[in-house]
Protein chains: 2
Amino acid sequence: MSKIKETSTNFANKQALAEECPEAYAAHIIGGQWALVICSCLINGKLRFGELKRLLPNITERMLALHLRKLETNKIVRRTVYAEVPPRVEYELTPIGYELSPIIKQLERWGENHKKLK
Amino acid sequence: MSKIKETSTNFANKQALAEECPEAYAAHIIGGQWALVICSCLINGKLRFGELKRLLPNITERMLALHLRKLETNKIVRRTVYAEVPPRVEYELTPIGYELSPIIKQLERWGENHKKLK
DNA sequence: CAGCATCCCAGGTGATACTG
DNA sequence: CAGTATCACCTGGGATGCTG
């Protein structure tokens, strides 16, 4: 290819890395600013959009919706829409999402640990 | 505060979340695109800058240097400069960085797992 | 070798307003 | 309630070139 440039942003490159390298792949999926936090909220069970929003006062609706979609696309969360009035949408972890929970919990403990050491 | 705006980008807000919430804190530190991959390279021992670069063909020098600095600041890696010619700099995980390794390994396994399921 | 400075673009994120 | 659309901004990240 000899250059890979022309506004390609090397994105294909990153994708390639993510394909090869499990950590990069994982980072790509759960690496966002919010993915981990959202998942940790969902560990204890399904939640509605509004509940998530309340749990995460710092996130904007937009970001919540966006990241929820991304997680849904990546099969980390399942989104269930109830055809009711008022509308109700519930989010819950998929099996593969649940497999993340021990990792998330370890990360929490690590985080607290690390914070102390600072 | 009543608004928090004026070009503040809400960054302080994110910081606040990171302070309170261990997952957010962890995400803040290891959440970057490269942190995890870099750490996973260092699990097996210290490496020089050039070695890291060779191990991570997709990363630019700039990003490698930047993230290495960030990791150093966060006490995840230790940076050792040898006053020699030619210059030599070695990077290795700190104790707290090593505590990350089981998590990283789990994440790797999760990543491979997840990739298959797609 | 290791890494910084500069330039610059693209994508991420926020604010606000609107809809089913 | 649970979003989506749009605009504008800002930072992340790439490319390139230079230094100790």
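Side chains included, hydrogens not; waters and symmetry mates left out as well; all remaining heavy atoms used. The model shown is predicted, which means the values in this text are computed figures rather than measured ones. Throughout, a chain's letter reflects where its sequence line sits, starting with A, and its residues are numbered from 1.
- Phosphate proximity of D:dG13 to B:Thr60: absent, as no side-chain N or O sits under 4.0 Å from OP1 or OP2.
- Along DNA chain D, the nucleotide closest to A:Ala65 and the one closest to A:Pro86 are compared, and the more 5′ of them pairs with A:Pro86.
- In this structure, CE of B:Met63 is placed 13 Å from C1' of C:dG3, rounded to the nearest angstrom.
- When the P atom of D:dC1 is taken as reference, atom CD of A:Glu90 falls 15 Å away, rounded to whole Å.
- The cationic atom of B:Arg88 (NZ for Lys, CZ for Arg) lies less than 6.0 Å from the six-membered ring centre of B:Tyr82 and within 45° of the ring axis.
- Using a 4.0 Å heavy-atom cutoff across all strands shown, B:Arg62 reaches at least one base atom of the nucleic acid.
- The pair B:Arg78-B:Glu92 meets the salt-bridge criterion, since a charged nitrogen lies less than 4.0 angstrom from a carboxylate oxygen.
- In this structure, B:Leu68 and B:Ile38 have side chains that are in contact, with non-hydrogen atoms separated by less than 4.5 Å.
- When the C1' atom of C:dC4 is taken as reference, atom CD of B:Glu72 falls 15 Å away, rounded to whole Å.
- The distance from atom CZ of A:Arg48 to atom P of D:dA2 is 4 Å, rounded to the nearest whole Å.
- Between B:His67 and D:dG13 there is a side-chain polar atom (N or O) within less than 4.0 angstrom of OP1 or OP2.
- Look at CZ on B:Arg79: it is 8 Å from C1' on C:dA2, rounded to the nearest Å.
- Both the sub-6.0 Å distance and the 45° axial angle are satisfied by B:Lys115 relative to the ring of A:Tyr25.
- Here the shortest heavy-atom pairing between B:Met63 and B:Ile59 reads CB-CG1, 3.7 Å.
- To the nearest angstrom, C1' of D:dC1 lies 11 Å from OH of A:Tyr91.
- The base of D:dT4 is not paired with the side chain of A:Arg69 by any donor and acceptor separated by under 3.5 Å.
- Look at CG on A:Leu64: it is 14 Å from P on D:dC1, rounded to the nearest Å.
- Whole-Å rounding puts the A:Ile38 CD1 to D:dA2 P distance at 15 Å.
- The side chain of A:Glu61 sits closest to D:dT4 out of D:dT4, D:dG13, C:dG3.
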